[in-house]
Amino acid sequence: MISRLNRIEGQVRGINKMVAEDRYCIDILTQIAAAKSALDSLGMQLLESHARGCVASAIQAGDGEAAIGELMTVLRKLG
């Protein structure tokens, strides 16, 4: 995940440079869409990891209701 975050950080720095250079708006918007997509993908990867690890462990420990509630809150924010 760290390497993906580093790539996304590089994309955002590239967007910053494009804006500073007054590049064509559509090119900047295209790069923003790509960065957003990369963040969404990383978020889904992290969400899956959380569900398979933390939520599953909480369910096994008898605290599933709270873990599922927390997971649903996060899903609403991501949606």
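This chain uses plain numbering: 1 for the first residue, then up along the sequence.
- Taking CZ from R76 and CG from L71, the interatomic distance works out to 9.5 Å, rounded to the nearest 0.5 Å.
- L78 is not listed as a side-chain neighbour of D40, based on a closest heavy-atom distance of 4.5 Å or more.
- Here the shortest heavy-atom pairing between I15 and A35 reads CD1-CB, 4.1 Å.
- The side-chain heavy atoms of R23 and K17, taken from C-beta on, include no pair separated by under 4.5 Å.
- Applying the salt bridge (Lys or Arg N to Asp or Glu O under 4.0 Å) rule to pairs touching residues 56-66 yields nothing, sequence neighbours excluded.
- Proximity of L75 to L47: side-chain heavy atoms (C-beta onward) are separated by under 4.5 Å at one or more points.
- Taken from CG in L42 to CZ in R7, the straight-line distance is 9.5 Å, to the nearest 0.5 Å.
- Between S41 and R4 there is a side-chain heavy-atom pair separated by less than 4.5 Å.
- Counting non-hydrogen atoms of other residues, nucleotides and ligands closer than 6.0 Å to CG of D22 gives a total of 12 or fewer.
- Note on L46 and V74: separate hydrophobic clusters, where clusters join Ile, Leu, Val, Met, Phe, Trp and Tyr whose side-chain heavy atoms are under 4.5 Å apart, directly or indirectly.
- M18 and I32 fall within a single hydrophobic cluster, where Ile, Leu, Val, Met, Phe, Trp and Tyr are joined by side-chain heavy atoms under 4.5 Å apart, directly or via other members.
- Residue I8 holds its CD1 atom at 11.0 Å from CE of M1, rounded to the nearest 0.5 Å.
- Residues in residues 24-34 take part in no salt bridge (Lys or Arg N to Asp or Glu O under 4.0 Å) pair, two or more places apart or across chains.
- The CD1 atom of I59 lies 11.5 Å from the SG atom of C54; values are rounded to the nearest 0.5 Å.
- Residue pairs meeting the side-chain hydrogen bond (donor to acceptor under 3.5 Å, both in side chains) criterion with at least one member in residues 47-60, sequence neighbours excluded: E48-R52.
- Using a 4.5 Å cut-off on side-chain heavy atoms (C-beta onward), Q31 and I28 make no contact.
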